[in-house]
Trainee: 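I'd like to ask you about the structure that follows.
To find a chain, count down the sequence lines: A is the first, B the second, and so on, and within it residues start at 1.
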Amino acid sequence: MFDKRILQKRILVFLVLFIYAIFFPSDVFAEDGLNAGDTAWVLVSAALVLFMMIPGLAMFYGGLVRVKNVLSLFMQCFAITAIVSVVWTLFGYSVAFSTEGMQAGAKGLHSFVGGFSKVFLWSVSPEHLNGSIPEVVFFIFQMAFAVITPGLIVGAFAERFKFAAVCIFSGLWVVLAYLPICHMVWGGPGAFFADMGVIDFAGGIVVHVTAGSSALIAAILAGRRRGYPITAMPPHNLTMTLTGTGMLWVGWFGFNGGSALAANGTAGMAVVVTQISPCVAALTWMAIEWYRNGKPSALGFATGAIAGLAAITPASGTVGPLGAVAIGLASGLFCYWLTTSVKHRFGYDDALDVVGVHGGGGVVGTLLLSVFASTALGGSKADLNMVSQFLVQTFAAVSCAVYCMVVTFVLLKAIDAVIGLRVNEEAETVGLDISEHEEAGYVL
Amino acid sequence: MFDKRILQKRILVFLVLFIYAIFFPSDVFAEDGLNAGDTAWVLVSAALVLFMMIPGLAMFYGGLVRVKNVLSLFMQCFAITAIVSVVWTLFGYSVAFSTEGMQAGAKGLHSFVGGFSKVFLWSVSPEHLNGSIPEVVFFIFQMAFAVITPGLIVGAFAERFKFAAVCIFSGLWVVLAYLPICHMVWGGPGAFFADMGVIDFAGGIVVHVTAGSSALIAAILAGRRRGYPITAMPPHNLTMTLTGTGMLWVGWFGFNGGSALAANGTAGMAVVVTQISPCVAALTWMAIEWYRNGKPSALGFATGAIAGLAAITPASGTVGPLGAVAIGLASGLFCYWLTTSVKHRFGYDDALDVVGVHGGGGVVGTLLLSVFASTALGGSKADLNMVSQFLVQTFAAVSCAVYCMVVTFVLLKAIDAVIGLRVNEEAETVGLDISEHEEAGYVL
Amino acid sequence: MFDKRILQKRILVFLVLFIYAIFFPSDVFAEDGLNAGDTAWVLVSAALVLFMMIPGLAMFYGGLVRVKNVLSLFMQCFAITAIVSVVWTLFGYSVAFSTEGMQAGAKGLHSFVGGFSKVFLWSVSPEHLNGSIPEVVFFIFQMAFAVITPGLIVGAFAERFKFAAVCIFSGLWVVLAYLPICHMVWGGPGAFFADMGVIDFAGGIVVHVTAGSSALIAAILAGRRRGYPITAMPPHNLTMTLTGTGMLWVGWFGFNGGSALAANGTAGMAVVVTQISPCVAALTWMAIEWYRNGKPSALGFATGAIAGLAAITPASGTVGPLGAVAIGLASGLFCYWLTTSVKHRFGYDDALDVVGVHGGGGVVGTLLLSVFASTALGGSKADLNMVSQFLVQTFAAVSCAVYCMVVTFVLLKAIDAVIGLRVNEEAETVGLDISEHEEAGYVL
Amino acid sequence: MKKVEAIIKPYKLDDVKQALTAIGCSGMTISEVKGFGRQKGHKEIYRGAEYMVEFQPKTKLEIVVGDDKVEQVVRSIQTSAATGKIGDGKIFILPVEEAIRIRTNESGEEVLQ
Amino acid sequence: MKKVEAIIKPYKLDDVKQALTAIGCSGMTISEVKGFGRQKGHKEIYRGAEYMVEFQPKTKLEIVVGDDKVEQVVRSIQTSAATGKIGDGKIFILPVEEAIRIRTNESGEEVLQ
Amino acid sequence: MKKVEAIIKPYKLDDVKQALTAIGCSGMTISEVKGFGRQKGHKEIYRGAEYMVEFQPKTKLEIVVGDDKVEQVVRSIQTSAATGKIGDGKIFILPVEEAIRIRTNESGEEVLQ
Ligand SMILES: Nc1ncnc2c1ncn2[C@@H]1O[C@H](COP(=O)(O)OP(=O)(O)O)[C@@H](O)[C@H]1O
Ligand SMILES: Nc1ncnc2c1ncn2[C@@H]1O[C@H](COP(=O)(O)OP(=O)(O)O)[C@@H](O)[C@H]1O
Ligand SMILES: Nc1ncnc2c1ncn2[C@@H]1O[C@H](COP(=O)(O)OP(=O)(O)O)[C@@H](O)[C@H]1O
């Protein structure tokens, strides 16, 4: 069957390779080298998360406001993307992820914030690896998270804030609130919450609890929109909101799946639960509405789905299908209650329900994973102590929420004092599109 | 050139690796292990196929209906996504893909439906592989197919069905029609059609023939929309439909390319033909319209493209560019004739042309591949017997169509008897958005 | 720790593999073989670039025109996609990328155009590789570039051209302008500009300079829209334009990142700079508008972002963050000046600013990379001679621009003589949607 | 001359238009309006916030006709637009002093044909 | 009978509607219009091209009422729609000769209730 | 006072507005309407289903003016809106009994300036 020359050639090739392997073993065995498959997946995930922001979140939010404010929401999402990306490049990434001076178990400044060793990607060449992927790929993936978090908050003060105030607030909020919390949770050994054993796979605390808690303060300080809650302020374009929901949903596969930083079974299971949870949450919301209002609404379905997605975020990567069902159910119930009941009772005007949906969802997932991450319940943690994990998770969520509230309060008070937070009555009546940007969304 | 210590170190490393390789050869040689590149591609493909459903199909269909029904289409697509995902997780995947009790060539119950060994992903850990990818990744990829198939059908009874009826029908249809056909075609050795040698790479039969044939019965049982065909019912937002077309088109790269379950040349060629076929079909449609109506329409172009995409679906993975051109041309001609002539002659109100476009396209591709899959015509099947393959393909397509028609007929009759299929006249006049969901698509 | 039988089994497995490796070393060591990770990334990138065209560019452009012309823009983008894909398959790919008869340094016919060896993918089986990816994957990725380039040009003559003229022009322009320039720049050793050392990573010259220069001639020959510049022609749907901007932005990750043809650090850094440049450019544009008009507009932001994306295109893959900041800044300033000042001064009606944004951006990036590609400035070229590189880049950009202008001039004059370029006055007044396609964008 | 203004249900427009062309009335202008009257609106709920939509979509027809044709036109609309349900709408008759055709500068009743 | 036509600022519609229902005026028809008058428009700039939007969005109310109620209706609109700023709008009163309810074919003032 | 109602082709609006402001007529209200008349519509075809669009998009201008200015206004619209092609539209003149400015509660012809 074998031609002799071919055999000889093959043996030769093998010997050459063998000797080559002696001198450059990492090229051949690549045990810690670049994995192109993992890199491809995280690159795509970065694109998906950016897609969640522009145009996903812009559409989701833009469709919910009145027609005179739609461009203001788009503009805010786009501007935040640009501002935070620049901050992230300049020093944000370094402050969040530099590991200099850190040591597992040791407390110190760098347990709370990273250093400046990676400022402006100084010292990070394209060849540097983070695990099996280039560090620049990790950089861009994490950038997308830093971008979307303040983006979520704008829903709370939609339809009334000055654009300048939004820009300044978002930039500073990322620096003062997001970067340290990101570092404390995801900074690796030596980081405050990481050392404590906090589990937050893709950002239940880092993204959703921070955004939700800040949104609460922002909604309160912003004050109500003129006419709220007497005047009806129905969404001007629910098809846009639903389109945005679809984009967020699909993008979330990258958000959670990409957080495995590899294309493997963990990523796969993360994606699976990222599908199950929003489905269960949305069906839960739909069932409640059907029962209470006689008719299920598309907006209710979409809201439930986003709640389920927010809730599964910290838990994806550790829980299995059972956990996803439980978290989906719990977030559907809890977030429904928050948005339709609690908000109205307390009377703050969280215009697009950031608190109820993202804050509520983030909390549900962060806490419930302490139970469902256990292998006994289909999760991946073999020796999980549910009680202590629950306490750790609660502590982390609460302390991050409180910290974010304080930062948000101080920032907004300061901005209000200097340039003012809200547009004047006339501008609000005319709408932010004309008054802040001199443009109209539609000229049909 | 080589520092001596480096050489020594390398030899040491090599020896360690060598010994490591003796004890854990699969880690090093990974001949049947996880391939991160394949996993990345199939994960992305799963996201792309979900993207086809939400928001792709929702927009494609939503733009085609009158403004008073746009949300109902979105809501149906979203609700079907959730319902089918839950069914798939609970037992659908197992019934479709469990291979227990199957044996190539042996007929038995499990030639038609799978068993319950994988119910609720019981027994499927993130580490389990399906070929070179984690089984959970295969699970989510196939879930997206199960979601979109009943989604296609809603186009047939758009603008008149009760939302509750749509939900119940879709859930049961997946269980009774989709799961067994999926199993018979794609269930692997021992499955009924698989053993027969049926070729259906990405779902010409499993997705498009099933959806198209069920849609025909649904359209007939649904009855015509009030006013049809006298009253004009022009699409309310063709920009939405065209945007959806673009999303479906791009998503189809994952639909067909992902069906290779690997990132390789087969996937690449599948994507290539998935581009060629819709281009040819769309240009064919455009040419006919230009010739017959004096002007080519954007909707015609889009319809042709979707027909070409549906048609290439079963054939991608086996045919080459020549087959793609032929299938594109044939589907353009055939589906044009079905939607503009046959439908009007028979008078059934297949509102969004599911029969003409998906049914027609699926049939064209399923049959023509028996010729163009041959290596002689640029395909990948070296010893294809065109005649016998054609007979096998025809048998499979026809028997699946008949089976789906029967299931659909029985299901719809039963639902009609219990809760009724159609909304009442007033609700239909007012529109489903208000009457079924108490919402309006646009408040401009 | 080790069961003896397992040890024995492993040694056996290892020996089998060892012997296998002697006979099929490329299977095991795969040093030049298919890389599934790279393949996955380039496949996804192809999908992303197609997504930029349909629906990305269609939405970006469609939102900018008046409501009566929105479908015409969509239709043109879709039809160009189909026409160019067919041309590319038939012979375009071969003329652009066939390397037959080429030799580094040798001038000849094939320094300017490729041969016909790969016509209709003749001779290219799914197994053929291009580097580490299947050649068919390279084929489809490059097809998407050929599709989008003429797509960009339609913005120049929007709202007034006959659809037939657009189809004919685009098809011929790709053949006569795009294919040779693509070959000369990207054709590999022996290609005219490649041999000269021109750097154009992802198409600053091949895509943006060619489109921009052709657009200038097209805008001039097209003549002004009726009423321009007296009558206001505000964008009819800025939410559509902004959504398209988001899609273009995200798709550009594939455009530039995919051009690495691998999922590695180069791709990662290309994506990073593809994020930084548009952010800086958009903020620059926003700052200028804020300063000059008192208010920043969403359209201005989006325009700046696209300018920054066009500008980074040739430079991604060689420049680092510093270069990205510089190129973003320069393109923001330069393109602002072109679109708001130069265009009005010269009075040509480049309806959607193809010249100012794509032409201008492409030039900025093509020239500035000669400086910022240097490792001294964070780039990846160690021994870059900035001056000579600058001259080479300038020469290539200018000569390509001139060539494209000539081709465009001749083509449009010829088409005008035969079928006429513009619709008549009534058709233009009524709008192209009705007059050319008998359809309306919205029936709300 | 009189102007007949009719507020009707939108989906009845086709019927009304046919009835009018049948009696030789070949010119009219229509617009989308919203009506408030006895017909109850519907409730919409957005995330728990109820919102009463009291205004119904209606179509307004304006037809200027010669005095002699008014009755016929009114009757024809009345018949073709009626469904017998609340919300069918109203017809108002207003005096018109003059009508001019822009194209030809003609004026008087001949303009209305 | 008279037709009261009022051009008002859109965001005042709710107030006006409430004022009108308060005085027992239970039928009206509204439409979106654009107004040109003393109120200055605003400038929009698209990529350097300035564009003056002189037409303001306004809401037009049409209410047909019996002669005796005209004054009350006008007063009620006037009060509820006024903000004191330029652009508050106008009220016009036109004669109406007849009103017919399509549903019942009744005519005369009783139709307006 | 009279109300001048003109139905014109939408793309003529700018010209008409300029002509009107030129003669010192500084207030008007416009709305989008659809017209049916001699001007033929166009056919749209959606997947083989033909559909006649008989209603043309038109713009309706409403200008209330003092009796003495009516003729001037009509002439000015007539001239600026005419293209000589079928479908140029119509002008109707209706009597108006009173006009009130909401902001100031003034009434009478002075309101129209
Ligand atoms: N006094 C009125 N002035 C103007 N329009 C009216 C008046 N009353 C009713 N309408 C219009 O007629 C429509 C139908 O009136 P409604 O009272 O709901 O039912 P019906 O005409 O069957 O009694 C309303 O939606 C409104 O547009
Ligand atoms: N002569 C007129 N005929 C018809 N509508 C008018 C006339 N004058 C003003 N309007 C309408 O009234 C609105 C308000 O008028 P404007 O002059 O801006 O303010 P004000 O009513 O406070 O004096 C205008 O936008 C226009 O719609
Ligand atoms: N009798 C009428 N009553 C109300 N509007 C009319 C009448 N006749 C024509 N119109 C309006 O005038 C427009 C132009 O009329 P048409 O007959 O098409 O052309 P022309 O005015 O040039 O004769 C129509 O589209 C319609 O809006």
Trainee: What's the verdict on side-chain contact (heavy atoms from CB on, under 4.5 Å) for F74(C) and L238(B), showing C-alpha distance, side-chain angles and the deciding distance?
Mentor: CA-CA 10 Å; F74(C) 271 81; L238(B) 278 181; over 6 Å; no

Trainee: R225(B): which residues meet the salt bridge (Lys or Arg N to Asp or Glu O under 4.0 Å) condition with it, sequence neighbours left out?
Mentor: E159(B), D349(B)

Trainee: Between CH2 of W122(C) and CG of L322(B), what distance do you get to the nearest 0.5 Å?
Mentor: 8.0 Å

Trainee: Is chain B contacted by the side chain of A263(C), its backbone, both, or neither, given a heavy-atom distance below 4.5 Å?
Mentor: neither

Trainee: Side chain, backbone, both or neither: which part of A47(C) has a heavy atom under 4.5 Å from chain B?
Mentor: both

Trainee: Around atom NZ of K381(B), are there more than 12 heavy atoms from other residues, nucleotides or ligands closer than 6.0 Å?
Mentor: no

Trainee: Could you point out which residue of V86(C), L50(C), T89(C) forms a side chain to side chain contact (heavy atoms under 4.5 Å, CB included) with Q275(B)?
Mentor: L50(C)

Trainee: Applying a criterion of heavy atom separation less than 4.5 Å, what residues of residues 435-444 of chain C form contacts with chain B?
Mentor: S435(C), E436(C), H437(C), E438(C), E439(C), A440(C), G441(C), Y442(C), V443(C), L444(C)

Trainee: Where does I83(C) contact chain B at under 4.5 Å (heavy atoms): side chain, backbone, both or neither?
Mentor: both

Trainee: Between T245(B), V325(B), N237(B), who has the most heavy-atom pairs with chain C when the cutoff is under 4.5 Å?
Mentor: N237(B)

Trainee: Sort I434(C) into side chain, backbone, both or neither according to what part of it lies under 4.5 angstrom from a heavy atom of chain B.
Mentor: backbone

Trainee: Heavy-atom distance under 4.5 Å to chain B: side chain of V124(C), backbone, both or neither?
Mentor: backbone

Trainee: Chain C: which of G63(B), G254(B), A324(B), G246(B) shares the most heavy-atom pairs with it under 4.5 Å?
Mentor: G246(B)

Trainee: Would you mind reporting whether N264(B) and T39(C) have side-chain heavy atoms less than 4.5 Å apart?
Mentor: no

Trainee: Go through the atoms of L121(C) and report whether side chain, backbone, both or neither lie under 4.5 Å from a heavy atom of chain B.
Mentor: side chain

Trainee: Quick check on P126(C) against chain B: is it the side chain, the backbone, both or neither that has a heavy atom closer than 4.5 Å?
Mentor: both

Trainee: Is there side-chain contact between P296(B) and M75(C), with at least one heavy-atom pair below 4.5 Å?
Mentor: yes

Trainee: Pick one of side chain, backbone, both or neither for F139(C), based on which atoms fall under 4.5 Å of a heavy atom in chain B.
Mentor: side chain

Trainee: Quick check on the interface: out of L299(B), V280(B), L48(B), V70(B), who has the most heavy-atom pairs with chain C under 4.5 Å?
Mentor: L299(B)

Trainee: For F253(B) and L43(C), what are the C-alpha separation, side-chain angles and deciding distance, and is it a side-chain contact (heavy atoms from CB on, under 4.5 Å)?
Mentor: CA-CA 9 Å; F253(B) 279 21; L43(C) 271 174; over 6 Å; no

Trainee: Could you check which of S85(C), S125(C), G37(C) has the highest count of heavy-atom pairs closer than 4.5 Å to chain B?
Mentor: S85(C)

Trainee: So which part of M143(C) gets closer than 4.5 Å to some heavy atom of chain B, the side chain, the backbone, both or neither?
Mentor: side chain

Trainee: Please state whether the side chain, the backbone, both or neither of V42(B) comes within less than 4.5 Å of a heavy atom of chain C.
Mentor: neither

Trainee: Heavy-atom pairs under 4.5 Å with chain C: which of T266(B), V272(B), N35(B) has the most?
Mentor: V272(B)

Trainee: Which class fits the ring pair F78(C) and F301(B): parallel under 30°, tilted 30 to 60°, perpendicular over 60°?
Mentor: perpendicular

Trainee: Heavy-atom distances under 4.5 Å only: say whether V44(C) touches chain B with side chain, backbone, both or neither.
Mentor: both

Trainee: As an exercise: rank C167(C), A164(C), A46(C) by heavy-atom pairs under 4.5 Å with chain B and give me the winner.
Mentor: A164(C)

Trainee: So which of V67(B), T241(B), V250(B) has the biggest tally of heavy-atom pairs under 4.5 Å with chain C?
Mentor: V250(B)

Trainee: Which atoms of L242(B) are under 4.5 Å from chain C, going by heavy atoms: the side chain, the backbone, both sets, or neither?
Mentor: both

Trainee: Where does P235(B) contact chain C at under 4.5 Å (heavy atoms): side chain, backbone, both or neither?
Mentor: backbone

Trainee: For chain C, which candidate among G268(B), S297(B), S45(B) shows the most heavy-atom pairs at distances under 4.5 Å?
Mentor: S297(B)

Trainee: At what distance, to the nearest 0.5 angstrom, does CG of D433(C) lie from OG1 of T239(B)?
Mentor: 10.0 Å

